[in-house]
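One structure below.
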Amino acid sequence: MSYFPLFMELKDRDCLVVGGGRVAWRKVKVLMDFGAQVSVVAPEIIPEIGKLGSVQQTKREFEDGDVLGRTLVVAATDDEALNQRISQLCQARGIPVNAVDQTQDCSFIFPAYVKQGEVVAAFSSGGQSPVMTQYLKAQIKPVMTEELGELAACLGSIREVVHSSVRTETARKHLYEELLQLGLQKGENPKTEEIWNVMKKYME
């Protein structure tokens, strides 16, 4: 089964990871990479999790009420039955849940991804082949440069003025395409004067 690729806003959202080992640590890192507020519940939590930053750590056994109010939950324990129970609790409440290495108990899966600023490329094999997704990730890495993230931020910063100054959607699309090509050719963000000169071509 293929999974629908949905990009979710996690900045400052309350996310729960149940489990305190290396697998949980990897999931916490990913969630924090996207700005989530992460809580970890487990009887034992490895020190590496605390070193990731502002992770709320609760050292005890999981309780059913721990899932309440969460944006998403990750069940990352070494107890398959517990992971399944957590999944069932979440799905009954409409909370997205990932049970690590138990695809049948997941309502979402973690893709392999490359991130530069706000630009994210993600790959999934529907849980069938992590080797395949890591291969795809390696292929896109040379394209996903820091400069590309900066260029995306530059184009995003002019959206309001472009929308108010360039009347048609088609013209705005061509404007952004020209600015993108200019930035890619230069290897850096276009200067303000260069942006303005391109914009004037599409203003009525």
Among Val17, Leu16, Val38, which residue satisfies the side-chain contact (heavy atoms from CB on, under 4.5 Å) criterion with Val74? Val17

If you round to the nearest 0.5 Å, how far is [atom2] of [Y] from [atom1] of [X]?
{"X": "Met199", "Y": "Glu194", "atom1": "CE", "atom2": "CD", "value": "14.0 Å"}
{"X": "Phe62", "Y": "Asp79", "atom1": "CZ", "atom2": "CG", "value": "11.5 Å"}
{"X": "Leu136", "Y": "Ser129", "atom1": "CG", "atom2": "OG", "value": "9.0 Å"}
{"X": "Thr103", "Y": "Asn98", "atom1": "OG1", "atom2": "CG", "value": "8.5 Å"}
{"X": "Glu63", "Y": "Glu61", "atom1": "CD", "atom2": "CD", "value": "9.5 Å"}
{"X": "Tyr113", "Y": "Phe7", "atom1": "OH", "atom2": "CZ", "value": "11.5 Å"}

Can you get from Phe110 to Met132 by hopping between Ile, Leu, Val, Met, Phe, Trp and Tyr side chains that sit under 4.5 Å apart? no

Take Val40 and Val28 through the side chain to side chain contact (heavy atoms under 4.5 Å, CB included) test and state the conclusion after the steps. CA-CA 8 Å; Val40 174; Val28 171; 3.8 Å; yes

Does [Y] offer a backbone N or O that forms a donor-acceptor pair with the side chain of [X] under 3.5 Å?
{"X": "Arg172", "Y": "Val162", "result": "no"}
{"X": "Asp33", "Y": "Lys29", "result": "no"}
{"X": "Arg159", "Y": "Leu155", "result": "no"}
{"X": "Gln116", "Y": "Met144", "result": "yes"}
{"X": "Lys115", "Y": "Gly117", "result": "yes"}

For Glu44, does the CD atom have more than 12 heavy-atom neighbours from other residues, nucleotides or ligands under 6.0 Å away? no

Counting only heavy atoms from other residues, nucleotides and ligands, does the tally under 6.0 Å from CD of Gln104 exceed 12? yes

Side-chain donor-acceptor contacts of residues 80-87 below 3.5 Å, not counting sequence neighbours, with atom names and distances?
from  : atom 1 : to     : atom 2 : distance (Å)
Asn83 : OD1    : Thr77  : N      : 3.3
Asn83 : OD1    : Thr77  : OG1    : 2.7
Asn83 : ND2    : Thr77  : O      : 3.1
Asn83 : ND2    : Gln102 : OE1    : 3.0
Arg85 : NE     : Asp64  : OD1    : 3.3
Arg85 : NH2    : Asp64  : OD1    : 2.5
Ser87 : OG     : Gln91  : NE2    : 2.9
Ser87 : OG     : Asp105 : O      : 2.5

Chi angles and distances behind the side chain to side chain contact (heavy atoms under 4.5 Å, CB included) call for Met32, Val55: CA-CA 9 Å; Met32 294 191 71; Val55 180; 3.5 Å; yes

Given the options Lys173, Arg167, His174, Glu178, Tyr202 meets side chain to side chain donor-acceptor pair (under 3.5 Å) only with Glu178

Sole residue of Arg70, Gln37, Gln56 in side chain to side chain donor-acceptor pair (under 3.5 Å) with Asp14: Arg70

Go through Lys186 and Glu188 one step at a time and tell me if the salt bridge (charged side-chain N to carboxylate O under 4.0 Å, His left out) criterion holds. CA-CA 5 Å; Lys186 289 166 55 70; Glu188 62 181 17; 3.4 Å; yes

I would like to know whether Asp101 and Val23 meet side chain to side chain contact (heavy atoms under 4.5 Å, CB included); could you show each step before the answer? CA-CA 10 Å; Asp101 292 331; Val23 173; 5.6 Å; no

So do Leu179 and Ile158 actually touch side chain to side chain, heavy atoms under 4.5 Å? yes

Apply side chain to side chain contact (heavy atoms under 4.5 Å, CB included) to residues Val100 and Arg26 and explain how you reach the verdict. CA-CA 11 Å; Val100 177; Arg26 291 196 295 271; over 6 Å; no

